[in-house]
Trainee: 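Quick one: this structure, given as structure tokens, is what I'll be asking you about.
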Amino acid sequence: MNVTTPEPRLGSRAMQDTPDHRRDYRRRMRRSDAMVAALWASAAAALALFLAYGGAGKFGTVSDAITSVGIIAGLIGTDFILVMIVLAARIPIIDRTVGHDRAIAVHRSLGKPALYLLLAHAVLLIIGYGMASGINPIAEIAPMLAIPDLPLAFIGIGLLIAVVITSLVAVRRKFSYEGWHLVHLLSYIAVLVAVPHQLSVGGILAGGTFERAYWLALYIIAFGSIATFRFAEPLISSIRHRLRVRSITQIAPGVVSIDMSGRRLRSLHSAGGQFFIWRFWTGRTWWHSHPISLSSLPSDATARITVRNLGTGSNAISRVPVGTAVWFEGPYGIFTDAGRTAPKLAIAVAGIGITPVRAFLEDSDIRPGEATILLRASTTEETYLWDEVIELARRKGATVYTMVGRRSTGSRGWMPAQDDQRGVTLKSIFPELHESDLYVCGPTAWLDLVEAEAVSSGIPSHQLHTERFDW
């Protein structure tokens, strides 16, 4: 492990003058708690409205009770699906409050419960209707399929099953990002084809009721958010800023920096550490987009990203011709200086995870001696942008540690074997870890090991910030 110490600087402010970010953190957490409460309140409202509009009186027989429970499962499952759509819409207030990563984590956590509820909805209705008509529940399927709009509902459930299965980690890893993303778009179709049966079958959402208005409002909010923030706003912003590829520079084998030119880019108000969803308009790349962090702060006329060839899509992006038009969504993420709550700053980064960290460091208002940075690579060929980060650290008075070598097989597999054998720990690199915000970015397996050691050392959860490159 090597260390680069900062040059002494005169006129430094006293360390006790560290900006207090705790007030902003508490405000953000209050908004976050309110959003989580609204999520569960929407499911409770779906149940309450069903009971209020006649559902409470539909438990008189066993068949009616089973049917009613099936209806409740369907309503709550549909509510969860609509909440998932809202969380995936990248609404700015949600992104600024809880961050894109956490919003998508909640989105994923609702996937299985939503699917199980909708499957229970179908099974319980088949059983309930079969018992009421006195026929075998399996034989009830054919009459149900003859009801208008119900075949579409069955198709919707089938599509949702495909989406949830492809979202499982073990399955998702077998897909390219582009293929997985296309399959995931089926979730929108699945919800849309299920709408007609919800409004027409069984009179559950009878016309003129507040219950019907509530559900129509949920659908409008969910799909309106997607239309606004995933399509309309990115389209307008891309046309306004007119980004084009200006140059492509290879910085290491399989890694390039793509410089883009545009206009009025500072009006995007992007912060160091944020990412955009990029779409390059060539014959090979127009049909897919990729989340990639800025690797430097944009000027009013230029922006830069750094891309590593990790698959077919990223390889195609690195070969687009100069002059290619670029559309984008964003900026997204709270892996920024605004997330800080502690007086000190600790940064641990590996591989291509250097890209948001480089921009984050450039944008951060830090004082001499306030920040410590760990740069990690398996080989010298993977020291992407290290020279730029070290120079930024020198100018800002930050200390830099570097680690190069294959991972140890010992207790601390995130560091090289020689450092593990010498007893190096996260605490020895960052002696003021408990008084620091720790920002970690890099490959998922490596990041998980660093995060686990940080948590075991007792660092508060609100001081731990991670940026993952999985999907």
Side-chain angles (χ1 to χ4, degrees), residues 90 92 95-96 100 233-252 254-282 284-286 288-309 313-338 347 349 351-366 383-396 441 467 469:
R90 303 185 182 121
D95 190 71
R96 288 194 298 267
H100 176 74
E233 194 280 332
L235 173 62
I236 294 169
S237 191
S238 296
I239 293 173
R240 178 188 298 131
H241 295 287
R242 297 183 182 178
L243 272 181
R244 291 189 175 272
V245 175
R246 186 176 65 169
S247 65
I248 298 180
T249 305
Q250 182 171 346
I251 64 170
V255 180
V256 298
S257 283
I258 302 176
D259 287 280
M260 295 169 283
S261 60
R263 61 178 189 172
R264 299 196 298 272
L265 299 182
R266 285 202 179 98
S267 65
L268 293 170
H269 303 295
S270 58
Q274 290 188 304
F275 68 95
F276 289 76
I277 310 294
W278 306 95
R279 185 182 303 275
F280 294 82
W281 284 92
T282 71
R284 298 175 59 196
T285 59
W286 68 269
H288 57 84
S289 57
H290 287 266
I292 304 173
S293 300
L294 293 167
S295 58
S296 67
L297 282 182
S299 67
D300 211 39
T302 62
R304 187 186 77 174
I305 59 176
T306 301
V307 182
R308 184 181 180 189
N309 297 343
S314 54
N315 182 59
I317 289 173
S318 67
R319 299 173 184 272
V320 298
V322 171
T324 296
V326 184
W327 285 14
F328 61 89
E329 303 172 43
Y332 301 124
I334 54 174
F335 191 79
T336 67
D337 194 53
I347 299 173
V349 58
I352 200 62
I354 195 76
T355 52
V357 166
R358 193 266 179 217
F360 170 90
L361 187 60
E362 182 180 10
D363 193 31
S364 295
D365 181 20
I366 59 176
T383 57
Y384 321 127
L385 304 179
W386 278 25
D387 54 342
E388 296 184 21
V389 170
I390 291 171
E391 173 58 22
L392 281 169
R394 185 193 64 80
R395 284 167 24 204
K396 290 177 176 273
C441 188
E467 183 81 338
F469 285 121

Trainee: Quick check for you: to the nearest 0.5 Å, what is the distance between T383 atom OG1 and I354 atom CD1?
Mentor: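 Here the interatomic distance stands at 9.5 Å.
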
Trainee: Over 60° means perpendicular and under 30° means parallel, so tell me whether F276 and W278 are parallel, tilted or perpendicular.
Mentor: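 Rings of F276 and W278: tilted, as their planes differ by 30° to 60°.
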
Trainee: I'd like to know whether F328 forms a side chain to side chain contact (heavy atoms under 4.5 Å, CB included) with L243, so could you lay out the CA-CA distance, the side-chain angles of the two residues, the decisive distance to 0.1 Å, and finally the verdict.
Mentor: CA-CA 9 Å; F328 61 89; L243 272 181; 3.6 Å; yes

Trainee: Is the side chain of D300 donor-acceptor paired with the backbone N or O of R266 at a distance under 3.5 Å, no angle test?
Mentor: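 Yes.
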
Trainee: Mind checking the CZ-CD1 spacing from R308 to I251? Nearest 0.5 Å is all I need.
Mentor: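 Nearest 0.5 Å value for the CZ-CD1 distance: 11.0 Å.
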
Trainee: Check I305 against S293 and note the closest heavy-atom contact, atom names and distance.
Mentor: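 Scanning both residues completely, I find the closest heavy atoms to be CG2-O, 3.6 Å.
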
Trainee: With respect to F275, which candidate in E329, E467, H290 satisfies the side-chain contact (heavy atoms from CB on, under 4.5 Å) definition?
Mentor: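 Of E329, E467, H290, side-chain contact (heavy atoms from CB on, under 4.5 Å) with F275 is met by E467 alone.
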
Trainee: Taking the six-membered ring of Y332 as reference, does the cationic atom of R90 (NZ for Lys, CZ for Arg) lie under 6.0 Å from its centre and within 45° of its axis?
Mentor: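 Judged by the rule, R90 and Y332 form a cation-pi pair.
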
Trainee: Verify, without hydrogens or angle tests, whether R263 (side chain) and R240 (backbone) share a donor-acceptor contact under 3.5 angstrom.
Mentor: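 Present.
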
Trainee: Drop me the distance from D337's CG to D363's CG, to the nearest 0.5 angstrom.
Mentor: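 Between atom CG of D337 and atom CG of D363 there are 7.0 Å.
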
Trainee: Grab the two heavy atoms, one from A359 and one from L294, that are nearest each other, plus how far apart they are.
Mentor: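 That would be CB-O, 3.6 Å.
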
Trainee: On a heavy-atom basis, which atom in V245 and which in M260 lie closest, and how many Å separate them?
Mentor: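 Nearest heavy atoms, V245 then M260: CA-CG, 4.2 Å.
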
Trainee: Would you compute the distance between atom CZ of R358 and atom CD of E362 and round it to the nearest 0.5 angstrom?
Mentor: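 That separation rounds to 4.5 Å.
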
Trainee: Is the backbone of P234 close enough, under 3.5 Å, to the side chain of S238 for a donor and an acceptor to pair up by distance?
Mentor: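 Yes, the answer is positive, given that a donor and an acceptor are paired below the 3.5 Å cut-off.
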
Trainee: Measuring only between side-chain heavy atoms, which start at C-beta, is I352 closer than 4.5 Å to V255?
Mentor: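 When only atoms from C-beta onward are counted, V255 and I352 do touch, with a gap below 4.5 Å.
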
Trainee: Looking only at non-hydrogen atoms, find the nearest pair between P331 and D95 and report the distance.
Mentor: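 Closest approach of P331 to D95, heavy atoms only: O-OD2, 4.2 Å.
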
Trainee: Say you draw a straight line from CG of L268 to NE2 of H241; how long is it, rounded to the nearest 0.5 Å?
Mentor: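 Between atom CG of L268 and atom NE2 of H241 there are 4.0 Å.
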
Trainee: How are the rings of W281 and W327 set to each other: parallel, tilted or perpendicular (split at 30° and 60°)?
Mentor: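 Perpendicular.
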
Trainee: Charged N to carboxylate O under 4.0 angstrom, E388 versus R304?
Mentor: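 A salt bridge is present here (some side-chain N lies under 4.0 Å from a carboxylate O).
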
Trainee: Return the CD1 to NE2 distance between I317 and H288, rounded to the nearest 0.5 Å.
Mentor: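 Reported value, rounded in 0.5 Å steps: 6.0 Å.
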
Trainee: Looking at N315 and S318, what are the two nearest heavy atoms and their distance?
Mentor: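 Residues N315 and S318, closest heavy atoms: O-OG, 2.7 Å.
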
Trainee: A quick test of your reading: do over 12 heavy atoms of other residues, nucleotides or ligands sit less than 6.0 Å from CZ of R242?
Mentor: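 It does not: R242 CZ has 12 such atoms or fewer within range.
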
Trainee: Minimum heavy-atom separation for R279 to T285, with atom names?
Mentor: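 In this case the closest contact between R279 and T285 is CG-O, 4.5 Å.
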
